[in-house]
Novice: 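Here it is, the structure, as structure tokens.
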Amino acid sequence: MILIFIEVRDGKVKKSSLEALSEGKRRADDLNTEANAVLIGYNLEGLASEVLLYGASKVYVMENSLLSHYSAAGFSQALFSLVEEIKPEGIFFSASSMGKDLAPRLAAKLGVSLASDCTRTIAKDGKLEVVRPIFAGKAYITLNFKSSPMMATLRPNVFPLAEPGEKKGEVVRKDVVIPEDQVKAPALEILREEGSEIDVTEAEIVISGGRGMKGPENFDLLRDLVSLLPHSAVGASRSAVDAGWIDHQHQVGQTGKTVSPSLYIAFGISGAIQHLAGMSSSKFIVAVNKDSEASIFKVADFGVIGDLFQVIPYLKEELKKIASE
Amino acid sequence: MNIFVFVKRVPDTESKIRINHEMGTIVEEGLSFVLNPYDEYAVEEALRLRETGGGKVTVLSVGADESLVILKKCLAMGADEAFLLKDNTPETYDGLRMAKIIARALEKKFLDYSLLLFGKQSVGADNAQVPSMVAELLGLPQVNVVTKLEIEGTKGTAHREIEGALEKVSFSLPAVISAQKGLNEPRYETLKGIMMAKKKEIPILAFEDLGLKEEDVVPLLELAKMESPPPRKAGKVIEEEPEEAAKKMVEYLHNEAKVI
């Protein structure tokens, strides 16, 4: 059995968890076993039935008021008790902020190793094999597991979401007993920057600006484009972040975030090697740059040599036309 | 406060990575190595905490003798002491192995810790596993990807970066914290710091000193293959009037790429 941890944020199931479940189900089919999911928290009513649509044979629901706020210590304790009982062969997480925080804690509790941020999973000789980027995508490694359960976190936005199907599975409630002192470092509240609901790692379209943006105020041009394109987010190069034009949360590259959106649009980004590492697994790359020699054109599927400040206003018009079609 | 910072030697982020396919490793020749950028934020935060609250900053690295260079840099930045936990094993990409070595070192040699600081990940392995694993092995609270840290007495609060937002987390010491860009602006070494660091000895601890045997830290992940990413081909590049360029770009995205 492959167990998939389903993350809940703001009372909703996170899409990247459903991607992990979809992938877990595909590998479970290859291995002639089942994919089961687990929800942890408090007041999770109704969420399990949504998870069943994505192929889980069982959805375990573990509720306890001590788990109403996320903590790696508390959640890993709950997961540990479930894993000890149901003995899965594999455990998948989304490599989201929560997955990257929780999975290693559980792995250490189980005494097993973990493959982080995988971009491919393969069933081979009755076991799992995974492929993951290193150096932010400058190289890829294939890993085999020497410990069981085989644990992996899967990069968001990479694995196709299954078509929601029939609910064939069942919901299984599991008691979870957690001593209060086991809930260490709980997240008390969530502080949100206005107008930044989608993170660059989760966006389907990333619209990035670099040194060519010339100043912080011009990032409003990119925010305008984001408002015209659903599921999009503003990204930035390291030089724009280091100049203080935009918060580092938006930085794409080796010391920022690695992204794999369907579309990456680079405005005024020359394409330093550490930036290219962070975005070259995007499905389509479009670049606008004044410098015809900019390295970004070597990886772009479509490039425009020109002044971004002149191109963007027309771009907005064209996008509005598409939206009204 | 007794602060420990864990640092790693990594290739500079501007490096081109070449692969030795026979060995399944990266080619180190011609690379320049630096203190992991995220670890710099961890060292800086430790120094700031010492400046405001007193205490001691000890820096540790697990690795071969080459890692002495980054430990010297940390001393030059102002750390009080540095130790090398000697390990000649090439990168295994197994976070648990590293976490076991660190947890053992703390239990055997440095039990009086109040705060353990890490970078949120090393650039290279990109695992982001070791801080959480050390926290679990030692039974400590963890806060990862931290952009703001406040400590008062034995209690702390931190801001932890999550998707499009921050989580405010409270914890008690001792605790594990991993640093994200934005936590602070790391200082440069001063000439005086460099001179002082030169005089400081960096003790080297072997596995035997920690009561560790190689078989205790066998990697549980097997590296089957290392490859270069699939190359991207340069596509169409146009140079036209802005209006025409915008039109063609949207046409491409809508009709050919079908992404909008």
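So that the names make sense, note that chain A is the first sequence line, chain B the second, and so on, each numbered from 1. Scope of the values below: all heavy atoms of this structure, side chains included, with no hydrogens, waters or symmetry mates. None of the values given here were measured: they were computed from a predicted structure.
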Novice: With no hydrogens and no angle check, is any side-chain donor or acceptor of A/His250 less than 3.5 Å from a backbone partner on A/Ala236?
Specialist: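 Between the backbone of A/Ala236 and the side chain of A/His250 there is no qualifying donor-acceptor contact (under 3.5 Å).
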Novice: At a heavy-atom separation under 4.5 Å, does A/Ile265 approach chain B through its side chain, its backbone, both, or neither?
Specialist: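 Contact with chain B: side chain only.
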Novice: What part of A/Ile205 gets within 4.5 angstrom of chain B, counting heavy atoms only: side chain, backbone, both, or neither?
Specialist: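 Just the side chain, heavy atoms under 4.5 Å.
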Novice: Find the one option among B/Ser15, B/Ala246, B/Ala234, B/Gly124 whose heavy-atom pairs under 4.5 Å with chain A are most numerous.
Specialist: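 Max contact count across the listed options: B/Gly124.
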Novice: Considering all heavy atoms of both residues, which atom of A/Val130 and which atom of A/Ala152 are nearest to each other, and what is their separation?
Specialist: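 Between these two residues, the closest heavy atoms are CG1-CB, 4.4 Å.
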Novice: Distance alone, cut at 3.5 Å: any donor-acceptor contact between the side chains of A/Ser147 and A/Ser113?
Specialist: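 Side chains of A/Ser147 and A/Ser113: no pair found under 3.5 Å.
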Novice: Are the side chain of A/Lys138 and the backbone N or O of B/Thr13 linked by a donor-acceptor pair below 3.5 Å?
Specialist: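 Yes; at least one donor-acceptor contact below 3.5 Å.
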Novice: Need one label for A/Asp117: side chain, backbone, both or neither, based on atoms under 4.5 Å from any heavy atom in chain B.
Specialist: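 Contact with chain B: none, neither part.
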Novice: So A/Glu7 and A/Ser94, side chain to side chain donor-acceptor pair (under 3.5 Å) or not? Walk me through it.
Specialist: CA-CA 8 Å; A/Glu7 176 177 343; A/Ser94 163; 5.2 Å; no
Novice: Looking at B/Glu244 and B/Lys247, is any side-chain nitrogen of the basic one under 4.0 Å from a carboxylate oxygen of the acidic one?
Specialist: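 No, this pair does not count.
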Novice: If I measure from the heavy atoms of chain B, does A/Ser232 come under 4.5 Å with its side chain, its backbone, both, or neither?
Specialist: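 Neither the backbone nor the side chain of A/Ser232 comes within 4.5 Å of chain B.
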Novice: Between B/Ala125 and chain A, with a heavy-atom cut-off of 4.5 Å, which part of the residue counts as in contact: side chain, backbone, both or neither?
Specialist: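 Backbone of B/Ala125 only, per the 4.5 Å heavy-atom cut-off to chain A.
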Novice: Got a sec: does the NZ of B/Lys168 have more than 12 other heavy atoms crowding it under 6.0 Å?
Specialist: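 No - once you tally the heavy atoms of other residues, nucleotides and ligands closer than 6.0 Å, there are 12 at most.
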Novice: Between the side chains of B/Glu239 and A/Ser292, is a donor N or O closer than 3.5 angstrom to an acceptor N or O?
Specialist: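 Per modelled atom types, B/Glu239 and A/Ser292 side chains form no pair under 3.5 Å.
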Novice: Is A/Val200 close to chain B through its backbone or its side chain, or both, or neither, when contacts mean heavy atoms under 4.5 Å?
Specialist: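 For A/Val200, no heavy atom lies under 4.5 Å from chain B.
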Novice: For B/Lys16, is it the side chain, the backbone, both or neither that has a heavy atom under 4.5 Å from a heavy atom of chain A?
Specialist: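 Both parts, backbone and side chain.
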Novice: Would you mind checking which part of A/Leu315 comes under 4.5 Å of any heavy atom in chain B, side chain (CB onward), backbone (N, CA, C, O), both or neither?
Specialist: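 Both backbone and side chain.
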Novice: Heavy-atom count around B/Glu14 CD within 6.0 Å, excluding the residue itself: above 12?
Specialist: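 Counting neighbours around CD of B/Glu14, more than 12 heavy atoms of other residues, nucleotides or ligands fall under 6.0 Å, so yes.
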Novice: Looking only at heavy atoms, what is the nearest atom pair of B/Ile162 and A/Ser97, with distance?
Specialist: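 What the structure gives for the nearest pair is CA-OG, 3.3 Å.
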Novice: Measure across B/Leu220 and B/Lys100 and return the closest heavy-atom pair with its distance rounded to 0.1 Å.
Specialist: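 Answer, listing the atom of B/Leu220 first, then B/Lys100: CD1-NZ, 4.5 Å.
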Novice: Measure distances from A/Glu189 to the heavy atoms of chain B and classify the residue's part below 4.5 Å as side chain, backbone, both or neither.
Specialist: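 Interface part for A/Glu189: both.
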Novice: Can you tell me which of A/Val112, A/Leu102, A/Thr201 forms the most heavy-atom pairs within a distance under 4.5 Å of chain B?
Specialist: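 Sorted descending by pairs with chain B, the first entry is A/Val112.
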Novice: Apply salt bridge (charged side-chain N to carboxylate O under 4.0 Å, His left out) to the pair A/Lys100 and B/Glu161, showing each step before the final yes or no.
Specialist: CA-CA 12 Å; A/Lys100 283 197 266 191; B/Glu161 201 178 276; over 6 Å; no
Novice: State which residues pass salt bridge (charged side-chain N to carboxylate O under 4.0 Å, His left out) with A/Lys146; sequence neighbours excluded, sorted by chain then number.
Specialist: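 By the salt bridge (charged side-chain N to carboxylate O under 4.0 Å, His left out) rule, A/Lys146 matches B/Glu222.
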Novice: I need the residue from A/Val286, A/Ile312, A/Leu143, A/Asp307 with the largest number of non-hydrogen atom pairs under 4.5 Å to chain B.
Specialist: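 With the most close heavy-atom pairs to chain B, the winner is A/Leu143.
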Novice: B/Ser122, B/Ala245, B/Ala135, B/Pro219: which one forms the most heavy-atom pairs within less than 4.5 Å of chain A?
Specialist: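 When all of B/Ser122, B/Ala245, B/Ala135, B/Pro219 are compared, B/Ala135 has the most.
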Novice: Could you name the residues of residues 20-38 of chain B that have a heavy atom within less than 4.5 Å of a heavy atom in chain A?
Specialist: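 Residues B/Ile26, B/Pro37, B/Tyr38 are the ones that qualify, each having a heavy atom under 4.5 Å from chain A.
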Novice: Do the ring planes of A/Phe284 and B/Tyr252 sit parallel (below 30°), tilted (30 to 60°) or perpendicular (above 60°)?
Specialist: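 Perpendicular.
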Novice: Can you say whether B/Gln180 sits under 4.5 Å from chain A via the side chain, the backbone, both, or neither, judging by heavy atoms?
Specialist: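 Just the side chain, heavy atoms under 4.5 Å.
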Novice: Let's test your reading of the structure: which of A/Leu263, A/Thr153, A/Val131 forms the most heavy-atom pairs below 4.5 Å with chain B?
Specialist: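 It is A/Leu263.
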Novice: If I measure from the heavy atoms of chain A, does B/Ser178 come under 4.5 Å with its side chain, its backbone, both, or neither?
Specialist: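 Neither part.
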Novice: Examine whether an atom of B/Val145 lies under 4.5 Å from a heavy atom of chain A, and if so say whether it belongs to the side chain, the backbone or both; otherwise answer neither.
Specialist: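 Neither; nothing under 4.5 Å.
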Novice: Heavy-atom cut-off 4.5 Å, strictly under: side chain, backbone, both or neither for A/Gln77 against chain B?
Specialist: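 Answer is neither: A/Gln77 stays 4.5 Å or more from chain B.
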Novice: Do you know which of A/Gly306, A/Ala323, A/Ala300 has the most heavy-atom pairs under 4.5 Å to chain B?
Specialist: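 Among A/Gly306, A/Ala323, A/Ala300, the one with the most close pairs to chain B is A/Ala300.
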Novice: Taking side chain as everything from C-beta outward and backbone as N, CA, C, O, which of these in B/Asn127 sits under 4.5 Å from a heavy atom of chain A? Side chain, backbone, both or neither.
Specialist: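 Both backbone and side chain.
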Novice: Could you work out, with ring-ring contact (aromatic ring centres under 6.0 Å, His included) as the rule, every residue matching A/Phe145, not counting sequence neighbours?
Specialist: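 A/Phe145 satisfies ring-ring contact (aromatic ring centres under 6.0 Å, His included) with no other residue.
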Novice: Does any donor atom in the side chain of B/Thr89 or B/Arg97 lie under 3.5 Å from an acceptor atom in the other side chain?
Specialist: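 Indeed, the side chains of B/Thr89 and B/Arg97 share at least one donor-acceptor pair under 3.5 Å.
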Novice: Given heavy-atom pairs under 4.5 angstrom as the criterion, report whether the side chain, backbone, both or neither of A/Gln182 touches chain B.
Specialist: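 Neither part; nothing is under 4.5 Å.
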Novice: Measure across A/Gln249 and A/Lys257 and return the closest heavy-atom pair with its distance rounded to 0.1 Å.
Specialist: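 Closest pair (atom of A/Gln249, atom of A/Lys257, distance): O-NZ, 3.0 Å.
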Novice: Side chain from CB out, backbone as N, CA, C, O: work out which of these in B/Leu223 comes under 4.5 Å of a heavy atom of chain A, or both, or neither.
Specialist: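 For B/Leu223, heavy atoms of backbone and side chain both lie under 4.5 Å from chain A.
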Novice: May I ask you to name which of B/Val10, B/Leu140, B/Asp12 has the most heavy-atom pairs under 4.5 Å with chain A?
Specialist: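 Greatest number of close heavy-atom pairs with chain A: B/Leu140.
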Novice: Side chain, backbone, both or neither: which part of B/Arg160 has a non-hydrogen atom closer than 4.5 Å to chain A?
Specialist: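 Contact with chain A is through the side chain of B/Arg160 alone.
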Novice: I'd like to check the ring-ring contact (aromatic ring centres under 6.0 Å, His included) partners of A/Phe75; sequence neighbours left out, ordered by chain and number.
Specialist: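 So A/Phe75 forms a ring-ring contact (aromatic ring centres under 6.0 Å, His included) with A/Tyr70.
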